[in-house]
Amino acid sequence: MAAAELRAAGLIVFRRKRFTGPFEYLLLQTSYGRHHWTPPKGHVDPGESDIQTALRETEEESGLKESSLNVVKDVRKTLNYEVRGKPKIVIYWLAELRDYNTPIQLSQEHQEYRWVSVDSACQLLHDTTGQALREVDEELKNIAKFYTETY
């Protein structure tokens, strides 16, 4: 990892009311800067793996503990872009909320949260993150279709 490189990790958290219901994605709105929207994520601490960061940051920012999530470790998206002239890598894993009604407890870093459809999410997100979410949503639909047709 280059010294100037910024690295972050997080979870794309989704839920649905019924096994065949539509997917809803968790987005958090920052309480600083331009109040942008993003899935829970944060900077990787020294000695921490990317997945450890994703789980820690999700809990810190939304109150969702690993025990309340089914993390799909083989569905992962890596984003590469620049922030203030420095390269940034953000890695997201997919995670399903086990109980649809689990409450969200925002940290001071965020002022609002929403559960939204993929289309609504993409209207709120930066283009790069929105594209990653659309790709994850397609993978989810394919997985759900497989299980619906197979079982």
Side-chain angles (χ1 to χ4, degrees), residues 1-16 21-98 100 102 104-147:
M1 181 167 66
E5 176 185 273
L6 303 171
R7 190 172 186 89
L11 297 178
I12 294 174
V13 180
F14 76 97
R15 69 179 187 177
R16 54 188 169 166
F23 299 114
E24 298 175 329
Y25 296 94
L26 176 64
L27 295 184
L28 309 177
Q29 186 182 36
T30 60
S31 55
Y32 57 86
R34 299 172 122 189
H35 306 300
H36 68 276
W37 291 87
T38 181
K41 72 170 182 353
H43 296 286
V44 176
D45 286 344
E48 192 175 49
S49 72
D50 293 333
I51 191 69
Q52 287 171 325
T53 298
L55 293 166
R56 175 183 54 76
E57 287 288 344
T58 298
E59 184 173 348
E60 286 176 6
E61 294 182 354
S62 70
L64 296 176
K65 298 179 184 312
E66 182 177 4
S67 61
S68 67
L69 300 166
N70 288 324
V71 179
V72 185
K73 292 184 180 169
D74 57 339
V75 177
R76 181 175 112 164
K77 292 292 167 196
T78 301
L79 311 181
N80 295 284
Y81 54 92
E82 281 197 6
V83 175
R84 292 185 286 283
K86 293 184 181 180
K88 182 169 186 175
I89 295 174
V90 180
I91 302 168
Y92 286 109
W93 282 267
L94 183 63
E96 182 173 16
L97 189 63
R98 292 175 191 239
Y100 183 87
T102 302
I104 301 300
Q105 299 170 344
L106 291 178
S107 72
Q108 292 182 356
E109 292 180 52
H110 297 90
Q111 62 184 5
E112 188 180 345
Y113 74 90
R114 292 184 190 168
W115 287 103
V116 294
S117 69
V118 68
D119 290 333
S120 295
C122 289
Q123 291 176 5
L124 296 170
L125 294 169
H126 182 275
D127 291 347
T128 308
T129 310
Q131 180 59 37
L133 184 65
R134 281 204 189 280
E135 291 170 9
V136 165
D137 186 68
E138 282 302 312
E139 288 185 55
L140 257 179
K141 287 175 184 170
N142 289 335
I143 291 168
K145 184 179 177 186
F146 170 79
Y147 281 107

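Nothing fancy with the numbering, it's 1 onward along the sequence. Computed from heavy atoms alone, side chains included, the values below leave out hydrogens, waters and symmetry copies.
- Here the side chains of Gln111 and Tyr32 are not in contact, with every heavy-atom distance at 4.5 Å or above.
- For Ser31 (side chain) and Gln108 (main-chain N/O), a donor-acceptor pair under 3.5 Å exists by modelled atom type.
- Among Val90, Val44, Thr53, the one residue that satisfies the side chain to side chain contact (heavy atoms under 4.5 Å, CB included) test with Arg7 is Val44.
- By the 4.5 Å heavy-atom criterion applied to side chains, Thr58 and Glu61 are not counted as neighbours.
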List the atom pairs, donor and acceptor, that lie under 3.5 Å between side-chain atoms in residues 132-139 and the rest of the protein, sequence neighbours left out.
| from | atom 1 | to | atom 2 | distance (Å) |
| --- | --- | --- | --- | --- |
| Arg134 | NH1 | Asp119 | OD1 | 2.9 |
| Arg134 | NH2 | Asp119 | OD1 | 3.3 |
| Glu135 | OE1 | Lys77 | NZ | 3.2 |
| Glu135 | OE2 | Gln131 | NE2 | 3.1 |
| Asp137 | OD1 | Tyr25 | OH | 2.6 |
| Asp137 | OD2 | Lys141 | NZ | 3.0 |
| Glu139 | OE2 | Lys77 | NZ | 3.2 |

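- Rounded to the nearest 0.5 Å, atoms OG1 (Thr30) and NE2 (His36) are 4.5 Å apart.
- Annotation: the span from Ser62 atom OG to Leu69 atom CG amounts to 7.5 Å, rounded to 0.5 Å.
- Taking the charged nitrogens against the carboxylate oxygens, Lys41 and Glu57 have no contact shorter than 4.0 Å, which rules out a salt bridge.
- Relative to the six-membered ring of Phe23, Arg16 misses at least one condition, a distance below 6.0 Å or an angle of at most 45° to the axis.
- Between Arg98 and Glu96, every side-chain heavy-atom pair lies at or beyond the 4.5 Å cut-off.
- The pair Glu48-Arg56 meets the salt-bridge criterion, since a charged nitrogen lies less than 4.0 angstrom from a carboxylate oxygen.
- Within the 4.5 Å cutoff, the side chain of Tyr92 has no heavy atoms near those of the Arg76 side chain.
- For the pair Tyr100 and Glu24, the minimum side-chain heavy-atom distance is below 4.5 Å.
- Rounded to the nearest 0.5 angstrom, Thr38 OG1 and Glu109 CD are separated by 11.0 Å.
- Atom CD of Gln105 sits about 8.5 Å away from atom CG of Leu64, to the nearest 0.5 Å.
- The structure places CG of Leu27 at 5.0 Å from CG of Leu125, a figure rounded to the nearest 0.5 Å.
- Atom NE2 of His43 has 12 or fewer heavy atoms from other residues, nucleotides or ligands within 6.0 Å.
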Q) Given the rule in the side chain to side chain contact (heavy atoms under 4.5 Å, CB included) test, do Ile51 and Trp93 qualify, once you have shown the distances and angles that lead to the verdict? A) CA-CA 8 Å; Ile51 191 69; Trp93 282 267; 3.5 Å; yes
Q: List the steps, then state whether side chain to side chain contact (heavy atoms under 4.5 Å, CB included) holds for Leu94 with Leu140.
A: CA-CA 9 Å; Leu94 183 63; Leu140 257 179; 3.8 Å; yes
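- Residues meeting the side chain to side chain contact (heavy atoms under 4.5 Å, CB included) test with Leu106, sequence neighbours left out: Leu28, Ile104, His110, Tyr113.
- The backbone N or O of His35 sits less than 3.5 Å from a side-chain atom of Gln29, completing a donor-acceptor pair.
- Note that CG of Leu97 is 11.5 Å distant from CG of Leu11, once rounded to the nearest 0.5 Å.
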